[in-house]
Amino acid sequence: MRQIVVISGKGGTGKTTVTAALARLVENKVLVDADVDASNLEILTYPKTVKTENYREGEIAVIDPQKCISCDLCRQHCRFDAIVVDDAGKYSVDEHACEGCKVCQLVCPAGAVSMVEVEAGVVKQSETPFGMLYHGELSAGRDNSGKMVTYLRELGADYAQQNNLDWVLIDGAPGIGCQVIASVTGVDGAIVVSEPTLSAMHDLKRVVELALHFRVKVGVVINKVDINPSLSREIRRWAESQNLPVLAEIPLDKRIIRAMVEKKSPIEIGDESLTDLYRRIWTDFVNHYFPK
Ligand code: SF4
Ligand code: SF4
């Protein structure tokens with residue numbers, strides 16, 4: 001079983017469009033949506049959720065008002081200003097400020113502080129016409145999406161192993177933050193989708209550097225090539241100078257945009273040459289790095 005992530009560096013390059021197309025073309029795989037801040041793959045894969053799990057991560061402090069003797073020690077020692085005292089002198093913890101360091105619990109002379117796990121969102125397992133999908137939603141205010149991505153990937157890998165699947169296909173997040181690092185760490189390959197704009201090219205280089213740092217095999221897709229043919233050529237030249245295969249150059253095609261608006265992938269357009277372009281992204285990538 002191998003894990004392949006589709007990433008982009010810059011948002012809006014068409015990463016999820018490529019993933020949605022591959023979801024239809026790659027056989028014997030499980031899908032993971034690792035873009036938990038903007039989970040879009042589910043829009044294009046028609047999921048029917050079969051299991052929902054509350055996702056908990058980390059701990060925060062809570063104060064038992066029955067035990068609290070208002071000594072103020074917890075507030076004085078909390079380095080994150082997470083202890084709140086209301087007008088009536090009642091002590092409580094601001095759950096968004098609390099970092100779970102447990103100092104308040106250690107200094108409390110009354111045993112009034114306990115630590116509780118935080119509900120950080122939900123994780124879903126859904127059937128789709130293209131295989132099982134693992135996806136999740138972070139609760140508002142929870143920002144450690146990297147941990148949720150790691151958990152989703154573990155669920156996807158377990159499912160693949162139990163069902164003897166060959167691939168875990170992951171829709172990664174844009175950027176190079178902790179979500180992307182969690183998407184890329186330990187995967188076998190990364191298909192990086194870029195477009196011929198200066199900002200996309202800049203972000204392409206950064207995310208490729210990140211992936212290579214983690215010893216991940218990288219292939220490049222240039223999307224919307226005709227919006228700037230000379231910059232497209234520059235991206236190709238740069239990729240070749242890094243010994244990275246350019247897997248496809250996808251034209252700017254209004255039918256693809258219309259398909260996305262209708263919550264369809266480019267494959268549903270039914271144009272065999274276009275479908276073949278997306279199919280070759282996968283076959284060229286696999287043949288280049290993982291030949292049988
Ligand atoms: S656990 Fe740490 S951060 Fe949270 S309230 Fe206590 S001292 Fe402050
Ligand atoms: S240290 Fe304990 S007893 Fe003192 S104010 Fe905080 S919670 Fe109350």
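Counting starts at 1 for both ligands and their atoms, in listed order.
Summary of contacts: the protein heavy atom closest to atom 2 (Fe) of ligand 1 is Cys101 SG, 2.3 Å. In this structure, the protein non-hydrogen atom closest to atom 4 (Fe) of ligand 1 is Cys98 SG, 2.4 Å. Atom 3 (S) of ligand 1 has as its closest protein heavy atom Glu99 N, 3.3 Å.
Counting heavy atoms under 4.0 Å from ligand 2, residue Ile69 touches it through both backbone and side chain. For Asp72, every heavy-atom contact with ligand 2 shorter than 4.0 Å involves the backbone, none the side chain.
Donor-acceptor pairing under 3.5 Å is lacking for the side chains of Gln161 and Tyr159. In this structure, a donor-acceptor pair under 3.5 Å is absent between the side chains of Asn40 and Thr16.
Proximity to Cys104 (heavy-atom distance under 4.0 Å) selects the following atoms of ligand 1: 1 (S), 5 (S), 6 (Fe), 7 (S). Residue Cys74 approaches ligand 2 through these ligand atoms, each under 4.0 Å from one of its heavy atoms: 1 (S), 5 (S), 6 (Fe), 7 (S). For ligand 1, the atoms closer than 4.0 angstrom to any heavy atom of Ile83 are 5 (S). Residue Tyr91 approaches ligand 2 through these ligand atoms, each under 4.0 Å from one of its heavy atoms: 5 (S). Every atom of ligand 1 with a heavy atom of Lys102 under 4.0 Å away is listed here by number and element: 1 (S), 2 (Fe). Less than 4.0 angstrom separates some heavy atom of Phe80 from each of these atoms of ligand 1: 3 (S).
One finds no salt bridge joining Arg79 and Glu99 here, because no Lys/Arg side-chain nitrogen approaches an Asp/Glu carboxylate oxygen to under 4.0 Å.
Ligand 2 lies within reach of Ile63, whose nearest heavy atom is under 4.0 Å from it.
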